[in-house]
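Reviewing the structure listed below.
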Number of protein chains: 4
Amino acid sequence: MERIGVGLIGTGFMGKCHAMAYGAVKAVFGDVPVIDRVALCDVDQGHTRKRAEEWGFARATTDWRDLLANSEIALVSITSPNGLHREMAVAALDAGKHVWCEKPMALTLADAEAMTQAAAKANGQATALGYGYLRNPALQYAKRLIEEGAIGEAFDFRGSVDEDYMADPDLAWSWRLKAREAGLGTLGDLTVHLISLAQELMGPIASLTAMVDVVHEERPVPGGHERAKVENDDIAHALLRFASGARGVMTSSRVAHGRKNGLKVEVHGSKGMLWLDNERMNELNLYLAEGPPERRGFRRILSAPHHADYGRLCPAPGHGLGFNELKVIELAELLYGVTGRPSASVTFAQGLEIEKVIHAFARSAAKGQWVRVG
Amino acid sequence: MERIGVGLIGTGFMGKCHAMAYGAVKAVFGDVPVIDRVALCDVDQGHTRKRAEEWGFARATTDWRDLLANSEIALVSITSPNGLHREMAVAALDAGKHVWCEKPMALTLADAEAMTQAAAKANGQATALGYGYLRNPALQYAKRLIEEGAIGEAFDFRGSVDEDYMADPDLAWSWRLKAREAGLGTLGDLTVHLISLAQELMGPIASLTAMVDVVHEERPVPGGHERAKVENDDIAHALLRFASGARGVMTSSRVAHGRKNGLKVEVHGSKGMLWLDNERMNELNLYLAEGPPERRGFRRILSAPHHADYGRLCPAPGHGLGFNELKVIELAELLYGVTGRPSASVTFAQGLEIEKVIHAFARSAAKGQWVRVG
Amino acid sequence: MERIGVGLIGTGFMGKCHAMAYGAVKAVFGDVPVIDRVALCDVDQGHTRKRAEEWGFARATTDWRDLLANSEIALVSITSPNGLHREMAVAALDAGKHVWCEKPMALTLADAEAMTQAAAKANGQATALGYGYLRNPALQYAKRLIEEGAIGEAFDFRGSVDEDYMADPDLAWSWRLKAREAGLGTLGDLTVHLISLAQELMGPIASLTAMVDVVHEERPVPGGHERAKVENDDIAHALLRFASGARGVMTSSRVAHGRKNGLKVEVHGSKGMLWLDNERMNELNLYLAEGPPERRGFRRILSAPHHADYGRLCPAPGHGLGFNELKVIELAELLYGVTGRPSASVTFAQGLEIEKVIHAFARSAAKGQWVRVG
Amino acid sequence: MERIGVGLIGTGFMGKCHAMAYGAVKAVFGDVPVIDRVALCDVDQGHTRKRAEEWGFARATTDWRDLLANSEIALVSITSPNGLHREMAVAALDAGKHVWCEKPMALTLADAEAMTQAAAKANGQATALGYGYLRNPALQYAKRLIEEGAIGEAFDFRGSVDEDYMADPDLAWSWRLKAREAGLGTLGDLTVHLISLAQELMGPIASLTAMVDVVHEERPVPGGHERAKVENDDIAHALLRFASGARGVMTSSRVAHGRKNGLKVEVHGSKGMLWLDNERMNELNLYLAEGPPERRGFRRILSAPHHADYGRLCPAPGHGLGFNELKVIELAELLYGVTGRPSASVTFAQGLEIEKVIHAFARSAAKGQWVRVG
């Protein structure tokens with residue numbers, strides 16, 4: 001029985017997601033290696049040891065380089081703050097490890113390029129970025145419908161990604177709002193997901209014109225009476241041209257009251273339309289301009305074993321997958337890559353293309369002009 | 001009892017809407033004049049006479065100038081093809097008539113300006129353009145919520161207007177696709193409605209950058225094997241800056257399979273969000289960032305007598321108004337204007353501001369740059 | 001040009017609905033007689049005269065027998081309190097008038113039977129009861145789908161009708177809660193509508209077992225400190241057997257917070273399912289067990305000119321009809337009956353069948369047993 | 001660190017669910033014992049060994065009694081066919097094991113009673129039945145709202161549970177349709193879930209009157225031209241009286257085309273209403289009759305860390321849990337019971353109360369009368 005040792009850096013939201021995925025993937029996908037959870041790493045030793053016990057890791061460490069030095073570990077998960085991704089990922093690749101790194105890839109385009117170069121020079125290791133929404137069976141089925149021509153030529157794209165975690169203007173300032181430490185704001189946190197879906201369904205984005213704004217310009221500094229400046233973007237909107245000739249629009253906001261996981265995509269085709277909304281992630285809405293006109297309407301298709309990997313997780317249609325389960329599928333794809341099989345992972349090279357788009361947003365907004373991506 | 005004589009030009013979709021509104025308005029709104037339906041005009045005498053009988057008009061004519069010469073007529077409805085609006089409206093104003101003219105206002109900005117000048121020079125007559133969606137009680141309640149500060153500062157706008165009447169690529173070519181005869185395409189048919197709603201909720205649009213495209217570039221000429229070129233726009237998208245400092249996005253399409261009256265607006269505020277969709281025109285969706293966080297969610301508010309003019313038409317909440325009934329409210333507002341009371345009509349002067357925006361779309365798209373409106 | 005003179009008794013919610021329908025029907029349906037609004041009747045002379053002027057009636061009266069004596073009037077609308085229906089309807093029929101009477105038909109089954117007998121003895125006059133929801137194009141299209149076999153054999157029915165006009169337990173007591181003056185409660189106000197839809201789609205109800213309850217047993221008497229007993233039903237639920245062999249369930253409530261026009265029907269068939277909700281009356285939801293399984297889902301069909309009489313009111317799909325417009329279609333059907341054409345009116349004889357069902361509810365609930373209808 | 005050894009009987013849909021839950025529970029809920037997956041049991045040795053490897057069980061066996069004899073195993077999962085539950089559960093309890101048994105509890109009421117007696121005589125072991133939908137944070141939040149009085153007195157309940165796994169009339173006959181081998185049909189498969197939710201929100205059901213029908217009376221026998229009789233129920237509907245004095249209605253069907261996990265509950269209260277639909281299991285719909293009337297509407301509350309155990313699985317609101325994750329929460333509750341803490345498990349004693357209700361359905365339907373439960 002094939003086995004693989006893994007190490008995980010980070011014990012936050014995404015760290016736990018990775019840990020849960022490691023615990024589940026073999027039971028869900030029988031055709032992947034057995035996972036040996038070798039070591040967990042975070043900055044606080046006591047906390048990390050406790051998590052290691054709960055999450056089934058054999059060892060806890062506060063030095064991430066321990067993981068790279070450990071020959072039992074073949075795959076390293078990086079869920080640390082974004083500013084550390086480059087250093088850790090490059091070092092992990094140099095140490096011969098496969099790398100599963102959360103998004104956004106890095107703070108700067110230069111960092112993302114360095115990571116991609118490290119992956120290119122590596123000795124065949126797999127890389128994967130945390131674009132789990134791509135693995136949603138409803139989204140994959142949408143992709144299949146487009147590829148099969150069900151909606152004809154896809155010529156218009158509408159996408160939005162809205163959440164409200166920064167919507168309260170009185171929410172405290174933090175380092176996450178500082179450009180040098182946190183990089184881009186909404187673009188890095190949210191827009192990257194939207195771009196990943198747009199490119200999955202429509203192909204590469206060729207050019208765009210964007211507006212990138214801070215809405216709530218200052219926020220209160222915790223524990224005092226001062227207010228500090230917000231340095232990264234709350235909102236990012238753009239008009240797009242795809243390489244295919246199609247066009248579209250993207251809107252993004254982290255200050256959108258009421259939206260919790262408001263990632264929506266809509267594709268207009270010459271024979272039909274489809275759309276999805278992550279807040280109802282087990283549904284695909286499809287309109288086909290076929291059959292008797294009086295019977296036409298958007299149909300709400302509930303995810304089911306017919307659709308992509310749904311059946312791996314659940315044999316009962318409409319019973320619903322959760323956010324965490326998309327990470328299990330994401331991991332399975334990485335493990336396919338690790339074991340030399342065809343894989344749908346978003347590699348570093350592919351992730352760099354996403355980074356180029358968000359940086360094109362920033363460039364376009366700064367100039368007030370259309371720009372080419374890349 | 002106050003009375004007013006009316007004449008109606010046009011017997012198509014909008015002609016019938018005006019006729020139904022004339023037949024209903026006094027019963028619905030007791031505080032307007034009694035309507036005397038004096039004369040109906042269209043090009044075919046037999047057809048027009050038949051419609052006049054059905055619609056309750058005393059006379060039928062094929063010469064629209066008859067209506068202007070008729071001293072019993074104080075108000076003229078213009079529902080003829082857009083290319084005739086300027087000539088008819090200017091002549092009607094010159095003849096001292098009040099004018100109710102369908103949208104879009106005219107084929108060109110110059111024509112719209114001429115109409116506005118004629119209205120400015122007129123002797124106090126009222127003008128109104130057919131922006132009936134503004135009269136939707138759900139939309140008016142949204143406006144009131146914004147004015148009352150319920151959602152705080154409104155800083156982001158998302159709007160779309162999508163229909164599918166031209167979505168079939170094999171639909172026959174017609175004169176409506178010829179720029180000189182029909183003017184703009186989606187911009188004139190659909191985007192003007194979206195602009196009217198956007199400005200109602202957010203105030204004037206100051207600048208924008210747009211893409212305006214023909215998607216289905218040729219269409220079959222009826223009765224032959226040839227294909228003719230489509231000269232006006234299928235799709236129009238834009239990023240916007242409002243005079244208030246707010247921003248937003250608009251998308252429009254007449255080739256959007258599945259959308260029948262897909263006019264949606266969404267306003268993001270610092271304390272909440274609201275949105276509406278004309279396909280469910282009796283609903284307003286509202287999220288307020290107040291009260292216990294665990295109880296927050298978008299609430300679906302069904303239109304009811306609490307909301308604007310709903311109660312004039314129906315005392316029972318949630319029973320629903322229809323598209324035609326918005327035209328009745330639109331007419332009542334015009335009649336308020338005619339009788340010297342405060343009126344919410346979209347006058348020619350206000351309509352010109354909408355025309356300026358669609359022409360700014362066209363200019364921006366041609367240049368590939370941000371442009372100022374006006 | 002064919003003409004018909006009409007008289008209207010009542011100036012409340014339904015009176016205004018009838019008045020609006022009289023004002024609209026000829027413009028909407030060209031193939032009906034021209035309506036002459038001869039006289040309006042209600043108890044207060046000044047109020048009635050004012051309404052007559054607004055609603056276009058030539059005369060006002062406070063004596064409903066004036067209408068019966070008036071030879072210009074061929075059709076009488078009865079929208080008075082339910083307790084007066086029998087006397088007025090029988091007298092109108094005896095006077096040779098066609099009768100359009102609001103629902104519920106009467107306070108008691110004996111009254112409804114008397115009305116039906118009067119109609120049977122009449123000289124060919126048409127009768128119609130106010131079951132406007134039957135005329136909803138979405139409902140009629142549902143009926144057509146069932147008749148065409150689109151969903152196979154219809155074997156299970158689920159229906160509910162919920163509103164909240166009495167939901168507040170502190171709402172004041174009124175005569176409408178007194179059995180002798182108002183008759184049944186929810187059964188007469190709401191359940192009759194649900195039964196009309198159930199029978200339209202499924203055929204006659206053969207037997208049922210019901211629970212009929214008062215929930216808020218006492219209510220405050222206005223202007224005092226006392227509380228009076230509520231004598232008629234707040235809630236009525238039943239299991240049903242249809243004559244066809246199908247089965248089903250009905251629930252009704254006038255104390256259902258949040259429901260404004262919550263009339264829903266759902267039909268389960270051997271090849272599909274369909275459902276409608278009056279709060280979104282321009283939508284029909286249809287699931288067909290055909291085509292590729294992975295593409296199946298409930299489709300939301302927006303009412304359009306394809307569907308029944310929608311196109312009479314609006315040529316644009318998805319633009320939406322309102323509650324009042326269903327009454328226009330209802331009136332057109334009556335006028336077809338009046339002029340000897342096939343008519344879909346709910347005649348007194350058909351209305352009696354509905355009354356038998358609500359009285360079967362009451363009998364069953366009193367006995368705690370299954371009962372046969374009729 | 002506390003540990004517990006587990007054995008699992010069954011490798012089907014539910015077997016895999018239990019396996020996934022065992023693999024996840026410690027990572028999700030830190031405060032439960034570490035799980036040692038000791039042995040897996042099913043009838044085919046090769047298949048069971050393969051699954052054991054994938055699911056992380058140390059051993060595979062084809063004799064379920066091996067698990068009872070194994071002192072390393074303290075907790076046994078029973079996911080075998082329903083007809084085996086009684087024998088296995090009683091033996092497991094007699095062997096001193098904690099028992100997690102899938103629903104429905106048993107084929108007959110006598111079997112369920114025997115299981116309950118075995119649990120009562122046991123030496124303090126915990127029992128739990130597979131009512132995972134009770135653990136849905138949205139449902140638990142609904143319960144909390146009712147307990148807090150948010151919707152006032154809960155007086156009316158509407159519930160339905162519809163799926164379409166037997167909706168195709170040509171689906172092949174199987175032993176599952178034989179009463180002696182499979183017990184009840186829809187009542188055992190689906191209605192039990194609905195009852196569990198109804199009693200969670202409304203308290204015990206006191207009496208009911210039901211209709212229980214086979215719709216598709218014969219089905220084709222695989223591999224031949226014969227048709228065999230369906231012996232258990234396709235459809236089960238009932239009117240209910242709760243011990244609290246509230247009332248309600250339940251509908252159930254396994255032949256409901258289009259429904260995939262159509263488990264819906266709706267509670268009407270004197271101050272508001274709430275409803276949930278398992279096909280959108282991360283949403284609770286709530287109407288409160290408070291605040292300005294014009295702002296009232298059903299609000300769609302997305303599950304979030306505010307709600308019950310959601311935050312254990314995901315710190316991000318609205319990101320959504322899946323069906324499988326409810327089983328993880330279900331297991332955590334059982335482990336609380338195992339370790340002597342307060343537990344929300346549905347014990348055998350509580351499950352018996354659910355069985356009594358479905359058997360009351362059958363009794364009532366057979367008699368055509370109201371019956372008392374129990």
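Numbers restart at 1 for each chain; the letters A, B, ... are given by sequence-line order, proteins then strands.
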Margin query: Quick one, T209(D) with Q369(C), criterion side-chain contact (heavy atoms from CB on, under 4.5 Å). Give me CA distance, side-chain angles, the key distance, then yes/no.
Written below: CA-CA 9 Å; T209(D) 182; Q369(C) 291 180 3; over 6 Å; no
*Can you say whether A256(D) sits under 4.5 Å from chain C via the side chain, the backbone, both, or neither, judging by heavy atoms?*
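Both the backbone and the side chain of A256(D) come within 4.5 Å of chain C.
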Any chance [atom1] of [X] has more than 12 other-residue heavy atoms, nucleotides or ligands included, within less than 6.0 Å?
X: R300(D); atom1: CZ; answer: yes
X: E218(C); atom1: CD; answer: yes
X: R176(C); atom1: CZ; answer: no
X: E226(D); atom1: CD; answer: no

Shortest non-hydrogen contact from [X] toward [Y]:
X: S160(D); Y: R158(C); result: CB-NH1, 4.2 Å
X: V255(C); Y: F155(D); result: O-CZ, 3.3 Å
X: P169(D); Y: S270(C); result: CD-O, 3.6 Å

Between E153(C) and chain D, with a heavy-atom cut-off of 4.5 Å, which part of the residue counts as in contact: side chain, backbone, both or neither?
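It is neither, since no heavy atom gets under 4.5 Å.
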Residues of residues 236-251 of chain D with any heavy atom under 4.5 Å of a heavy atom in chain C =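 Under the 4.5 Å heavy-atom cut-off, H237(D), A238(D), L239(D), L240(D), R241(D), R247(D), G248(D), V249(D), T251(D) qualify.
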ask   = Do the rings of Y287(D) and H257(C) sit parallel, tilted or perpendicular, given the 30° and 60° boundaries?
value =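 The arrangement is parallel - the two ring planes meet at less than 30°.
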Using 4.0 Å as the upper bound for N to carboxylate O, is an ion pair formed by D168(D) and K271(C)?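 D168(D) and K271(C): not salt-bridged.
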Look up atom CZ in F298(D) and atom NZ in K260(C), then write down how far apart they are to the nearest 0.5 Å.
->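 F298(D) CZ to K260(C) NZ: 8.5 Å, rounded to 0.5 Å.
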**Message:** I want to check something: taking the side chain as every heavy atom from C-beta on, are H268(C) and I235(D) in contact at a cut-off of under 4.5 Å?
**Reply:**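 H268(C) does not reach I235(D) side chain to side chain.
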With chain D as the partner, which of L288(C), D156(C), D164(C) has the greatest number of non-hydrogen pairs under 4.5 Å?
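That would be D156(C).
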